[in-house]
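Have a look at the structure below before the remarks.
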Amino acid sequence: MRTPESSYDRRRLRQFLSGEARADGVSRRDMLRLLAAAGVAGAAAPAALGAPAVAATTAAPGIVKPVPEELFTLRGTNAETRFAALAGSGYHTPTDRFFVRNHTSTPLLSADDWTLTVHGDGLVRDRPVEFSLADLKRLPSVSHSAFVECAGNGRSFFGSQQGETVSGTAWTLGAIGVARWRGVRLADVLRRAGLSRRAVDVMPRGLDADYVTAEGADLGRVRRPLPLSKALDDVLLAYEMNGAPLPPDHGHPVRVLVPSWIGIASVKWVGDIEVSAEPLYSPWNTDFYRLFGHGYPQEGSAPLTRQTVKSAWELDAGANLAAGVGHRLTGRSWSGGGGVVRVDVSTDGGASWRPARLHDAPRRDGWVRWSTHWRPTAPGPYTLLARATDRTGRTQPDTTAHNTQGYLFDAVVRHPVNAV
């Protein structure tokens, strides 16, 4: 099921204007800015809160698991997977190589003490209902292979390839991983809690520390509302990852999994879920995770939902390859719009293209592994390109429209290597 997010957003904004919607942690000033963007109010738009500062690359405070340099590039509170470390690793990303995206630090939570509180006026009795991990495990379980990908994956290429300035962590392409998740359907939990016909929005919230922006604004715990239609569709409350309990950095003991949507929707360490009979907003679907900049409405796009199409080589940028020798090069491609059905590659900077060999059937919410053979004829620099097409017919473009926070970079990435 696809949620028509743009019309949903316009409807919610009109409801806010008429006093029917609640903006959790969002000022009326910022809501009026969003109303202007949707064309339902004529107010001039003040500036949005600043985006999170660009993360440093010298440390990864607050991450629990080892992050050795042969597997990760450290980016402040985050750890980006090196794609070269995925070569030969199989379809699912090994948990020890799965990227880490933290707003603050990984909390260490006890599964025995953990409870999930479902509350809000979107429930029949409008009183909190608690679930322990044991309670969740008594419900029918579901396993699903799906990627989780940060909305800013590929952000650095806005600068390195397109000469444009953006804010945020300078990811290359390693802010993604595919895992086999096991848990329960969010729909089953909501119905068990007593879902009312009045419910319209569902907002999970994490148990990590409050997030404070570079400007000093305390935005509280990470939370982002989902339309009820999406929450009842394919969303899971996952408690296992690749056949084992969730590790701390990936949401132990329970996380939300929203397949194919941007990673912020898959809230880690979920502690409570508000079910609301009125529309909800949070900073994570107002000031963040919208598109701002030239080519978009003055005050931003609708909140981001599905991921876009991308490809990555399982090879370090600037890698040295022997000239005059045949090489088997590998990579992966994925799309939030549907399974990838074709990947074309170029080893001469785009002068010529040929199809890569796909090693997986197209999968909704997943990626395909692919390979190609190449024999560089002479020493020197070369540029490798990979271009994917998904089931909807969407193909990676040559450039991505700029947005100030550097989200959803989907252009073909120029991957430099050297033949020696």
Side-chain angles (χ1 to χ4, degrees), residues 60 62-75 77-102 106 108-109 111 141-150 152-154 169 171-183 236 238-260 262-263 266 268-269 307 310-317 319 328-336 339-340 343 358-371 386 388 415:
I63 293 178
V64 172
K65 71 180 182 182
V67 284
E69 63 180 8
E70 65 269 19
L71 300 182
F72 295 99
T73 300
L74 303 185
R75 304 193 184 281
T77 59
N78 312 302
E80 176 178 357
T81 303
R82 287 182 52 196
F83 246 88
L86 297 182
S89 65
Y91 184 83
H92 296 105
T93 307
T95 304
D96 68 340
R97 304 179 198 188
F98 207 99
F99 84 102
V100 179
R101 168 65 171 107
N102 284 350
T106 296
L108 296 177
L109 305 174
S141 67
V142 175
S143 293
H144 185 51
S145 292
F147 68 75
V148 174
E149 180 185 13
C150 180
N153 199 26
T169 301
W171 304 105
T172 53
L173 288 171
I176 182 174
V178 171
R180 180 164 48 86
W181 310 95
R182 181 169 175 259
L236 298 185
Y239 47 73
E240 287 186 6
M241 177 183 185
N242 292 336
L246 286 175
D249 293 309
H250 302 296
H252 177 82
V254 177
R255 72 174 298 163
V256 180
L257 176 71
V258 185
S260 289
I262 60 172
S266 294
K268 296 192 287 186
W269 315 294
Q307 270 291 358
K310 296 186 182 74
S311 298
W313 297 84
E314 294 176 335
L315 189 68
D316 285 329
R328 181 178 182 270
L329 305 180
T330 60
R332 303 181 189 227
S333 299
W334 61 95
S335 173
V340 169
V343 178
L358 304 187
H359 298 282
D360 301 293
R363 298 191 193 184
R364 178 189 177 192
D365 309 327
W367 54 21
V368 296
R369 295 166 293 169
W370 46 263
S371 65
H415 191 102

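Side chains are part of it too, since the values below use all heavy atoms of this structure and drop only hydrogens, waters and symmetry mates.
- Residues Arg255 and Val148 meet the side-chain proximity criterion, which asks for heavy atoms closer than 4.5 Å.
- The minimum heavy-atom distance between Ala179 and Met241, with the atom names listed, is CB-CG, 3.9 Å.
- Screening residues 172-181 for side-chain hydrogen bond (donor to acceptor under 3.5 Å, both in side chains) gives Glu80-Thr172 as the qualifying pairs, with residues at least two apart or on separate chains.
- Qualifying side chain to side chain donor-acceptor pair (under 3.5 Å) partners for Asn102, counting only residues two or more places apart in sequence or in other chains: Thr106, Lys268.
- When all heavy atoms of Pro253 and Leu246 are compared, the pair lying nearest together is O-CD1, 3.7 Å.
- One finds a salt bridge joining Arg82 and Asp316 here, because a Lys/Arg side-chain nitrogen approaches an Asp/Glu carboxylate oxygen to under 4.0 Å.
- Summarising the local packing, CD of Glu69 is surrounded by 12 or fewer heavy atoms from other residues, nucleotides or ligands at distances under 6.0 Å.
- Here the closest heavy-atom approach between residue Ala79 and residue Leu74 is recorded as CB-CD2, 4.0 Å.
- In this structure a side-chain-to-backbone donor-acceptor pair under 3.5 Å is present from Asp249 to Lys65.
- In this structure a side-chain-to-backbone donor-acceptor pair under 3.5 Å is missing from Ser311 to Ser333.
- Checked against side chain to side chain donor-acceptor pair (under 3.5 Å), Asn242 has the following partners two or more places apart in sequence or in another chain: Thr95.
- Here the straight-line distance linking atom NZ of Lys310 with atom CG of Leu173 works out to 7.5 Å at 0.5 Å rounding.
- One distance of note links CZ of Arg369 with NE2 of His359; it measures 8.0 Å at 0.5 Å rounding.
- A heavy-atom distance below 4.5 Å is not found between the side chains of Phe72 and Asn78.
- By the side chain to side chain donor-acceptor pair (under 3.5 Å) test, Glu314 is found to be paired with Thr330, Arg332, residues two or more places apart in sequence or in another chain being considered.
- Here the straight-line distance linking atom OG1 of Thr81 with atom CZ of Phe83 works out to 8.0 Å at 0.5 Å rounding.
- Nearest heavy-atom pair across Val340 and Ser335 is CG2-N, 4.1 Å.
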TODO: Run the numbers on Phe99 and Asn153 for side chain to side chain contact (heavy atoms under 4.5 Å, CB included), then give the verdict.
DONE: CA-CA 11 Å; Phe99 84 102; Asn153 199 26; over 6 Å; no
Open item on the list: With side chain to side chain contact (heavy atoms under 4.5 Å, CB included) as the criterion, how do Trp367 and Glu149 come out once you've worked through the C-alpha distance, each side chain's angles and the decisive distance to 0.1 Å?
Closed with: CA-CA 12 Å; Trp367 54 21; Glu149 180 185 13; over 6 Å; no
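- Screening Val254, Leu257, Val258 for a side-chain contact (heavy atoms from CB on, under 4.5 Å) involving Leu236 leaves a single residue, Leu257.
- Residues that satisfy the ring pair (Phe, Tyr, Trp, His ring centres under 6.0 Å) test with Trp370, not counting sequence neighbours, are Trp313.
- If you take CH2 on Trp334 and CD1 on Ile176, they are separated by 4.5 Å, rounding to the nearest 0.5 Å.
- Not a single salt bridge (charged side-chain N to carboxylate O under 4.0 Å, His left out) links Arg363 to another residue, sequence neighbours left out.
- The shortest side-chain heavy-atom distance between Trp171 and Arg101 falls under the 4.5 Å cut-off.
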- [ ] For Gln307 and Phe147, run side chain to side chain contact (heavy atoms under 4.5 Å, CB included): C-alpha distance rounded to whole Å, both residues' side-chain angles, the deciding distance at 0.1 Å, then the answer.
- [x] CA-CA 10 Å; Gln307 270 291 358; Phe147 68 75; 4.0 Å; yes
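- By the 4.5 Å heavy-atom criterion applied to side chains, Val100 and His250 are counted as neighbours.
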